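A quick note: this is a predicted structure, and the numbers were derived from the prediction, not measured.
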Amino acid sequence: MKISILDDYHDTLRTLQCFSKLAGHDVTIWNDHVKDIDALAERLSDAEVLVLIRERTKIRTPLLERLHNLKLISQRSVYPNIDVDTCTRLGVIVSSSQHPESPSYATAELTWGLVLAAMRQLPLQMAALQAGKWQVGVGSTLRGKTLGIYGYGRIGSAVAGYGRAFGMNVSIWAREASLARARADGYSAARSKDAFFEQCDVISLHMRLVDATRGIVTAADLARMKPTALLVNTSRAPLIEPCALVNALRAGRPGLAAVDVYEEEPLLNPAHPLLSMDNVVCTPHIG
């Protein structure tokens, strides 16, 4: 079968042990990121199977209707980037593993790395040394402060455990079913969403991006945060209202942010406002 794999930025998939399962098939791996529908339709014209890396490329109706040989789309986890109704109409199977009960420790570990980097101002301290300067501050410690986990699922629960190990008070805000799991694990639930944003010193977002969660963190929520607080997002940028985070940081509430995800990816514009703020730690979606 003719198989196309999109957006393998660092050409890593062929190094995986499971890649050998594709032996005998005609496999093409694309390392660049293309948005133009005409260009995608041309490069995928012969593809019978399309393998996607998360939501990096949108597979919408105008593209699907031009892929006459396509039989199967495979993608791990949720698939808000795929027009499933159109796939059904065209007879294209969408296959996805929701990987329940298997935390992404890579994302959880990066989240905690960002928390430490932002609270202890590590990028600023490193830049100062490289510029021939000494200390530019000492940052802030975590012990005794309140860690807020917004969304208590596979990753959120792992990050909550890291917070507990660092001596933080952990507060959870999530759907009622998730709150029940958090309570069973020994964590406290916030009294309300408003109280959650007002009282936490660090808030980390851990939700899937679906219609119900798009823009779930509002400008009003961010305005309730302490001027010393940190907002961390290693999930998806559209969980936050468009432009709300940049505006909130400029207004001083919260005082800090650490992000691994952006509204447009890959982010290749060095003039993006988040990249020019000393109170923001940015990584290129490596979680």
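A cation-pi arrangement is present between R164 and Y187 under the rule of less than 6.0 angstrom and at most 45 degrees off the ring axis. No cation-pi contact links R253 to F197, judged by a cut-off of 6.0 Å to the six-membered ring centre and 45° from its axis.
The number of heavy atoms from other shown groups lying within 6.0 Å of NZ (K226) is above 12. Within a 6.0 Å radius of CZ in R175, no more than 12 heavy atoms belonging to other residues, nucleotides or ligands are found. Dense packing is recorded around CG of L275, with more than 12 heavy atoms of other residues, nucleotides or ligands lying under 6.0 Å away. Atom NZ of K35 sits in a crowded spot, with more than 12 heavy atoms from other residues, nucleotides or ligands closer than 6.0 Å. For CE of M126, the number of neighbouring non-hydrogen atoms (other residues, nucleotides, ligands) closer than 6.0 Å is 12 at most.
Residue pairs satisfying the salt bridge (Lys or Arg N to Asp or Glu O under 4.0 Å) criterion with at least one member in residues 7-16, sequence neighbours excluded, are listed as follows: D11-R14.
By the 4.5 Å heavy-atom criterion applied to side chains, V232 and V259 are not counted as neighbours. You'll find the side chain of Y162 stays beyond 4.5 Å of the side chain of M168, heavy atoms only. Considering only heavy atoms from C-beta on, R224 comes within 4.5 Å of D194 through its side chain. Looking only at side-chain heavy atoms (C-beta outward), L249 and P254 come within less than 4.5 Å of each other.
Of the candidates I172, V202, I203, I155, I149 forms a side-chain contact (heavy atoms from CB on, under 4.5 Å) with just one, namely I172.
A donor-acceptor pair is defined here as one N or O able to donate and one able to accept, closer than 3.5 Å; no such pair exists between the side chain of T61 and the backbone of T86. Remark: the backbone N or O of N69 is not paired with any side-chain donor or acceptor of D46 at under 3.5 angstrom. Without hydrogens or angle criteria, H272 side chain to L274 main chain gives a donor-acceptor distance under 3.5 Å. In this structure, N279 contributes its side chain and G255 its backbone to a donor-acceptor pair below 3.5 Å. Under a 3.5 Å cut-off, the side chain of D185 and the backbone N or O of A182 do not form any donor-acceptor pair. A distance-only check finds no donor-acceptor pair linking the side chain of D260 to the backbone of C282 [under 3.5 Å]. A donor-acceptor pair is defined here as one N or O able to donate and one able to accept, closer than 3.5 Å; such a pair exists between the side chain of S96 and the backbone of Q75. Remark: side-chain polar atoms of T213 are not paired, donor with acceptor, to backbone N or O of M207 under 3.5 angstrom. Panel note: side chain S4, backbone V51; no donor-acceptor pair is recorded below 3.5 Å. Checking side-chain atoms of D83 against main-chain N and O of D85 turns up no donor-acceptor pair under 3.5 Å.
Atom CZ of residue R208 and atom CZ of residue R236 lie 10.5 Å apart, to the nearest 0.5 angstrom. With rounding to the nearest 0.5 Å, the separation of NE2 in H33 from CG in L40 is 8.5 Å. Taking CG from L124 and CG from L122, the interatomic distance works out to 9.0 Å, rounded to the nearest 0.5 Å. Between the CG atom in L44 and the NZ atom in K2 there is a gap of 12.5 Å [rounded to 0.5 Å]. The CG atom of L245 sits 11.5 Å away from the CG atom of L239 when rounded to the nearest 0.5 Å. Taking OH of Y79 as the reference point, atom CD of E55 lies at 12.0 Å (rounded to 0.5 Å).
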Which is it for R66 and D38 under the side chain to side chain contact (heavy atoms under 4.5 Å, CB included) test, yes or no, and what are the steps along the way?
CA-CA 9 Å; R66 297 172 64 176; D38 290 336; 2.7 Å; yes

In sequence, state the C-alpha distance, the side-chain angles, and the governing distance for R89 and E65, and then conclude on salt bridge (charged side-chain N to carboxylate O under 4.0 Å, His left out).
CA-CA 10 Å; R89 173 170 58 84; E65 290 182 337; 2.8 Å; yes

Steps toward side chain to side chain contact (heavy atoms under 4.5 Å, CB included) verdict (I240, L222)
CA-CA 9 Å; I240 304 173; L222 297 176; 4.2 Å; yes

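Under the 3.5 Å distance criterion, with hydrogens and angles disregarded, a donor-acceptor pair is assigned to the side chains of S204 and H206.
In this structure, the ring of W173 has its center no less than 6.0 angstrom from the ring center of Y152.
Looking at R43 and D36, no side-chain N of the basic residue comes within less than 4.0 Å of a carboxylate O on the acidic one, giving no salt bridge.
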